[in-house]
Amino acid sequence: MRSASVNLAFDTRELASPLRMTFPAATKHVRVLERATLVRRRVVGREHLCRLSAAPLRDAMLWTEQFRQNWEARFEALDALLEEMKSEEQTRSRRR
Amino acid sequence: MNAKGLQISTPTDSTIVLTRAFNAPRRLVWEAMFTPDKMRRWMMPPPGWTMTVCECEARVGGALRVVWKSEDADPAMTLHGEFTEVVTHERIVHTETMVLGSGETIGRLVETHAFTEEGGVTTMRITQAYGLKEERDGAIASGMDQGMEACYQRFDAVLAQPA
């Protein structure tokens, strides 16, 4: 996550300009990202310089992946159980 | 053997939806989900945990109670609730409270299971509706690496972004 572009800082106005939103709306987005520690903001004169700090995204991805794996493991156990239940049922119906 | 991969979404701040398909008629999926001796097979606890109690009466007013112990605590966690709506093989709703061995409640939710069957394949949709976003996160955290709380908070902030 440490490419050259990551180290670039942009003014909030600069970030907002290509987007179809008002400047205050863009500021709101930046605040949310800041609270999430994904963006660091530094005020230099009239400029609010934003820098991406993407490392926490990796933690979030690891966490969601773990949540998914946990449930997938349960559902795989359920798959195996269902196969057993299906063959038990077939055996029973053949005996009849 | 997966008929269809697991899909997870968080449609609101306090809801998690899990959708998964199974190569079996819904009658059997239902039985596997709500019969204690079957539940023991798939309700996989975290490493080192063992299920000590598993009770499930899938009827309106029926109780749900599952207890696990760990090497350090007995009980390590208790899950208890009550069934509030039951349409056999189709839809079932129950409350659920998760309590740690210490007595701390880490999650309170209403869980809805909906089953649809097509060509012998059953799609199960689990909707977990938490009273609070914090409880949703607590539930997600339980049974997993608990040292990652900070990450959850950051992640919530990301999710809270206005669309």
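Below, chains carry the letters A, B, ... as their sequence lines are ordered, and counting in each starts from 1. Reckoned from all heavy atoms, side chains included, excluding hydrogens, waters and symmetry mates.
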Select one option (side chain, backbone, both, neither) describing which atoms of B:Leu28 are under 4.5 Å from chain A's heavy atoms.
-> both
Which atom of B:Ile92 lies closest to which atom of B:Ala58, heavy atoms considered = CD1-CB, 3.7 Å
Under 4.5 Å heavy-atom distance to chain A, tell me which part of B:Met124 shows up: side chain, backbone, both or neither.
-> side chain
Take the angle between the ring planes of B:Trp68 and B:Trp49 and call it parallel below 30°, perpendicular above 60°, tilted in between.
-> tilted
Taking A:Asp11 for the side chain and A:Leu49 for the main chain, is one N or O donor matched with an acceptor at less than 3.5 Å?
-> no
Which bit of A:Glu89 comes within less than 4.5 Å of chain B, counting heavy atoms only: side chain, backbone, both or neither?
-> side chain
Reference residue A:Lys86; test salt bridge (charged side-chain N to carboxylate O under 4.0 Å, His left out); the match among A:Glu84, A:Glu88, A:Glu83 = A:Glu83
